[in-house]
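Computed over heavy atoms, backbone and side chain alike; hydrogens, waters and symmetry mates excluded. Here the structure is a predicted model, which is why all the values come from computation and not from measurement.
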Amino acid sequence: GGPVADPVLASEVGGLTFPNPLGLAAGVDKNAEVPLQFIDLGFGFAEVGTLTPRPQRGNPRPRIFRLEEDRAIVNRLGFNNGGQAAAIDRLKLYARRPGPIGVNIGANKDSDDRAADYVTGVARFAGHASYLAVNISSPNTPGLRDLHHDAALDDLLSRVTDERGRQSEALGRPVPLLLKIAPDLEDADLDGLADAVRRHGLDGVIVSNTTLGRAGLADPQASEAGGMSGRPLFRRSTIVLARMRQRLDPAIPIVGVGGIDSAETAYEKIRAGAALVQVYTGLIYGGLGLVGGIKSGLVRCLERDGFAKVADAVGTGTDDWAREPIE
């Protein structure tokens, strides 16, 4: 299924093979119902979830708002999902899958021990995921973003990586573990996160989740509470990505997400330092034709700049992007 793959777009990232760098971001397929269908539509990979140990209703509706003038979305969904057990049953059916499927794990809102919820997620999904994404960056679970800092971050990552080690040993193969971070971070926060990623031996970082910022928005719905995604997030999330890229070992990949709605924006994320990119809000406004458009446009961008493959372009604009001021 899907359009013919261009070998220029294929890459190996973190020991996994990606036919192209364009992925489906978490939050679209929260219950792991249709990852194969998205891969058939031409995505190089799909990330399902966020999945919490127990089913959860999420926040009261309405909880998604279109900021059409800004090509943005504000959401305060609150990790609505059917729980991990149901998703595992589905993931077992995808075992002969054609492309990487990541699983994004989170904590229940009413959990007594949030870190324990992430450990549960690692234990349950290690055998059924191409990679695991530890999501500490949704703004819609009160206090969740506190896990970005110091003692709470260390406690979480120690426990999660211990469990990953146990699972990896039992499975006889590595279980890649990525951390998904917020865009609303200062350089000092990024220093601490990069240090923690290094010390705990994480395999990658996803930059970024939605923002609490509302700079430069025109739409009257901008005042709704929640995380904002889409075109206005592009600049901030790309600068944070580049600054994170500067702080990490080159061998640790970054997945770039936030405001991608064209081949050009996807290419700039890659230049800023992303080995892989993901879309969500761009699809809402651009439709599924965006997938083929981004891929064919990326091939043109690479050819224009003399790169034989995606990997050659990764990080070529990191320093330029990192110098940009965050408004």
Side-chain angles (χ1 to χ4, degrees), residues 12-18 23 26 29-33 35-36 39 45-56 79 81-108 111-138 144 147-148 152-181 193 196-206 248-249 251-255 275-276:
E12 188 162 308
V13 181
L16 299 170
T17 302
F18 294 86
D29 187 8
K30 283 179 177 282
N31 291 307
E33 291 166 309
L36 302 185
I39 288 168
F45 66 111
E47 185 172 315
V48 302
T50 296
L51 285 149
T52 56
R54 286 173 288 109
Q56 189 162 279
F79 288 170
N81 74 106
Q84 292 172 353
I88 288 165
D89 289 340
R90 284 191 277 276
L91 286 165
K92 285 176 180 167
L93 303 176
Y94 313 148
R96 295 167 180 263
R97 58 182 172 261
I101 298 175
V103 176
N104 183 298
I105 55 174
N108 281 110
S111 173
D112 297 331
D113 181 354
R114 288 200 169 144
D117 281 13
Y118 290 95
V119 171
T120 299
V122 173
R124 287 179 170 169
F125 288 117
H128 309 292
S130 306
Y131 68 85
L132 297 170
V134 175
N135 182 6
I136 59 170
S137 48
S138 167
L144 190 81
L147 293 170
H148 278 77
L153 180 66
D154 258 342
D155 175 59
L156 171 70
L157 296 182
S158 297
R159 289 159 70 180
V160 162
T161 52
D162 280 355
E163 184 59 38
R164 186 268 294 266
R166 280 192 289 276
Q167 294 296 328
S168 188
E169 207 167 308
L171 291 162
R173 63 168 176 80
V175 176
L177 194 61
L178 284 69
L179 186 67
K180 184 165 184 174
I181 67 170
L193 282 162
V197 165
R198 203 165 28 248
R199 282 185 293 110
H200 293 283
L202 297 186
D203 302 285
V205 182
I206 303 174
L248 291 174
D249 183 291
I252 298 176
I254 297 180
V255 181
L276 300 166

**OP:** Can you sort out the partners of Thr50 under side chain to side chain contact (heavy atoms under 4.5 Å, CB included), two or more places apart, ordered by chain and number?
**Re:** Phe79, Asn104, Asn135
Original post:
Excluding sequence neighbours, so at least two apart, what forms ring pair (Phe, Tyr, Trp, His ring centres under 6.0 Å) with Phe45?
Top reply: Phe18
Original post:
Are any of the side-chain heavy atoms of Val103 and Leu51 separated by less than 4.5 Å?
Top reply: yes
Original post:
Can you tell me how far CG of Leu276 sits from CD1 of Ile206, rounded to the nearest 0.5 angstrom?
Top reply: 9.5 Å
Original post:
How many angstroms lie between CD in Glu33 and CZ in Arg90, if you round to the nearest 0.5 Å?
Top reply: 4.5 Å
**OP:** Identify, with sequence neighbours excluded, every residue that meets side chain to side chain donor-acceptor pair (under 3.5 Å) alongside Asp203.
**Re:** Arg164
**OP:** List the steps and the verdict of side chain to side chain contact (heavy atoms under 4.5 Å, CB included) for Gln167 and Phe125.
**Re:** CA-CA 9 Å; Gln167 294 296 328; Phe125 288 117; over 6 Å; no
**OP:** With Thr161 as reference, evaluate Leu156, Leu177, Val122 under the side chain to side chain contact (heavy atoms under 4.5 Å, CB included) test and give the passing residue.
**Re:** Leu177
**OP:** Would you sort out whether Leu178 and Val205 count as a side chain to side chain contact (heavy atoms under 4.5 Å, CB included), showing the intermediate values?
**Re:** CA-CA 5 Å; Leu178 284 69; Val205 182; over 6 Å; no
Original post:
Hey, is the main chain of Ala32 close enough, under 3.5 Å, to the side chain of Tyr94 for a donor-acceptor pair?
Top reply: yes
Subject >> Partners passing side chain to side chain contact (heavy atoms under 4.5 Å, CB included) against His148 (at least two apart in sequence or in another chain) >> reply: Ile136, Ser137, Arg145, Ile181, Ala182, Leu185, Leu193
Subject >> Closest heavy-atom pair and its distance - Val48, Pro35 >> reply: CG1-CB, 3.9 Å
Original post:
Looking at Tyr118 and Gly106, what are the two nearest heavy atoms and their distance?
Top reply: CE2-CA, 3.6 Å
Original post:
From Leu179 CG over to Ile254 CD1, what is the distance, rounded to the nearest 0.5 angstrom?
Top reply: 11.0 Å
Subject >> Residues which pass side chain to side chain contact (heavy atoms under 4.5 Å, CB included) with Pro253, listed by chain and number, not counting sequence neighbours >> reply: Val13, Ala275
Original post:
Under 4.5 Å between any side-chain heavy atoms of Arg166 and Glu163, yes or no?
Top reply: yes
Original post:
Does His200 have any side chain to side chain donor-acceptor pair (under 3.5 Å) partners at least two apart in sequence or in another chain, and if so, which?
Top reply: Asp154
Original post:
How many angstroms lie between CG in Asp249 and CZ in Arg198, if you round to the nearest 0.5 Å?
Top reply: 8.5 Å
Original post:
Where is the tightest heavy-atom contact between Ala107 and Thr52, given as atom of each residue plus distance?
Top reply: O-CG2, 3.5 Å
Original post:
Quick one: side chain to side chain donor-acceptor pair (under 3.5 Å) partners of Arg114, sequence neighbours excluded?
Top reply: none
Subject >> Note, Leu202 side chain near Leu157 side chain (heavy atom, < 4.5 Å) >> reply: yes
**OP:** Give a yes or no answer on whether the side chain of Ser130 reaches the backbone of Ile101 with a donor-acceptor pair at less than 3.5 Å.
**Re:** yes
**OP:** Please list, chain by chain and in numerical order, all residues satisfying side chain to side chain contact (heavy atoms under 4.5 Å, CB included) with Arg159, sequence neighbours excluded.
**Re:** Asp113, Ala115, Ala116, Val119, Asp155
Original post:
Among all residues two or more places apart in sequence or in another chain, which pass the salt bridge (charged side-chain N to carboxylate O under 4.0 Å, His left out) test with Arg173?
Top reply: none
Original post:
For Ser111, which residues count as a side chain to side chain donor-acceptor pair (under 3.5 Å) partner, sequence neighbours excluded?
Top reply: Asp117
**OP:** State, to 0.1 Å, how close Thr120 and Gln84 come at their nearest heavy-atom pair, and which atoms those are.
**Re:** CG2-OE1, 3.8 Å
Subject >> Test item: Gln56 and Asn81 side chains (from C-beta on) under 4.5 Å apart, heavy atoms >> reply: yes
